[in-house]
Amino acid sequence: MRATWRGLPAKRYEVGWEPGLAVPAADGSPLLTDHYFPRAAGDFPTLLVRSPYGRGLPWSPQYGLLFAEQGFHVVLQSCRGTAGSGGTFDLWRNEPADSRATVAWLREQPWFDGNLGTVGASYLGYVQWALALDPPPELKAMVMQVGLHDPHALFHANGALSLENALAVGAGMTYQHQGALPFLRATLRLQRRLRAITTARPLRGAHAAAFGSDVPWLDDVMASPDADAPYWTGASLARAAERLQVPTALITGWHDVLADQTFQQYGRLRRAGCDTALLVGPWTHTSALRRGWTEVFTESLAWLRAHLCDDPSGLRPTAVRVHTGGDHTWRDLDAWPPPFTAAAWYPTPDGHLTSQAPTDSAPLAAFRYDPADPTPSVGGRLLSRTAGGRDNNRLEARDDVLTFTSPPLAQPLDVLGPVTARLTLSTDTGHADVFTRLCEVDAQGRSVNVCDGIGQVHTTGGATSQVTVAMSSAAHHFAAGHRVRWQISGGAHPRYARSPGTGQSPAEATAYTPVRITLHADSALTLPHGP
């Protein structure tokens, strides 16, 4: 572990271990729990880590051992119905009650000193928000590492089904708690059969070929694109941050599938007046816990020591630290986003990108999106190893991808904050998706994605429709001589399910229709030009 992650702090204590403790859930089901602790006399604060992914690798070293070495009791617990815990695992339903029941059990332990913190990544962040709905008085600090609060937004983006990520989550939830080997086999099966699954008609149920059986909750996810659908009732925990006063550190990466949720959490906590810190690194969802673990662990440890051990010596001087792409530097900021000037960039008929506003909304360029040969996804916010910034040149050479590129920049340009696209479009079928992406083109002509977003277009007859697509946030330095590129297409498959072109749900559709999409001149890419 120490050879893999250089720069970890030196061990302070030897670690003891009590495995397989049975903690009663809210309904009495036994929740299997491992207790890691410093082998030393004295009082130590407690960290609660609840997971549906098992209690072995990587959680045992990354949370149990590393934090216990630094002077914390660590309670690593399997959620109900996973890794030997009793009851039935039901995503999004039982975590608030089971978290409170675990805290009630902690109060009875002789080693519990009344100071509680939580830490964890992904779903391990969701269970923290579940406890924060009604935070116990002992809860003094939380650390959300690439964590979510809104499951619907993980699986659906502005009406588009996040297909590849949904399948990856399905594999993780189904197999990861069974051990490394079953999870590896399931992941390999999914990779081998990904094309067949993602092009099936209909999509629902096609995943059974990779998972060995149907996964009912995944069918429910695919069949529920509307956030108000009954399946999602009570699933979002966004309200937990609205009045929270527990000091909370947030950690994400620019290519994390949950980055937007982290920025939303930060905004809600700031408005509530909560003590909050934000770290954004050059990571994907998974690389934050691998390549970025030294920074993630150091940040987490400093926050927990400050609020559970009264030791603020490791805290950084500002509330926000972000990694800036392009020049690969770290910036300390007082808040996110920092002050910026919103500047609009407009497409031209010859494929250029200019700051000169158009005089009309005439048709500018058009392309044909064919679901039988869908525009492929390249990099971006994925759970697979292909995530992150990638060379987009082959993608941009396709006939179904529009690009608009600025002249070489005379001066460096810093983009710091939320990026948006306003698109005026017309279609021949009335229904289409639109995928829009910001790229940097270097001096050699290599085009690399910075951020992106997807939206849906609905038109009537030959009329135009205007759609605004949030392309997330960015912190990126465009060097002098490099160019800004705006990329537009009808999808990114299999990251997102194909648009059928008919208005039918992509999970249910069996008939697909090619669609011609026309971009109009009054469309604009809005970039936050930072100081």
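As the structure is a computational prediction, the values presented were derived from the model and not from experiment.
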Does anything in residues 238-253 pair up under side chain to side chain donor-acceptor pair (under 3.5 Å), and if so which pairs, sequence neighbours excluded? Thr252-Asp256
Glu95 meets the salt bridge (Lys or Arg N to Asp or Glu O under 4.0 Å) criterion, sequence neighbours left out, with Arg50
Please collect all ring pair (Phe, Tyr, Trp, His ring centres under 6.0 Å) contacts where either partner lies in residues 403-446, sequence neighbours excluded, each pair once. His431-His458
Contacts of Tyr126 that satisfy ring-ring contact (aromatic ring centres under 6.0 Å, His included) - sequence neighbours left out: Trp92, Tyr123
Taken in chain and number order and not counting sequence neighbours, the residues that satisfy salt bridge (Lys or Arg N to Asp or Glu O under 4.0 Å) with Arg316 are Glu299
Under the rule for ring-ring contact (aromatic ring centres under 6.0 Å, His included), what residues qualify as partners of His255, not counting sequence neighbours? none
Can you name the side-chain hydrogen bond (donor to acceptor under 3.5 Å, both in side chains) partners of His477, sequence neighbours left out? Asp414
List in chain and number order the residues that pass salt bridge (Lys or Arg N to Asp or Glu O under 4.0 Å) with Glu295, two or more places apart in sequence or in another chain; answer none if no residue qualifies. none
For residues 479-504, pull every pair meeting side chain to side chain donor-acceptor pair (under 3.5 Å), keeping only residues two or more places apart or in separate chains. Asn392-Gln487, Glu396-Arg485, Glu396-Gln487, Thr405-Arg485, Thr436-Trp486, Glu440-His482, Asp452-Arg495
Applying side chain to side chain donor-acceptor pair (under 3.5 Å) as the test, list every pair that has at least one member in residues 221-230; sequence neighbours left out. none
Can you name the residues that form a ring-ring contact (aromatic ring centres under 6.0 Å, His included) with His520, not counting sequence neighbours? none
List for me each residue that meets salt bridge (Lys or Arg N to Asp or Glu O under 4.0 Å) alongside Asp400, sequence neighbours excluded, and say none if there are none. Arg398
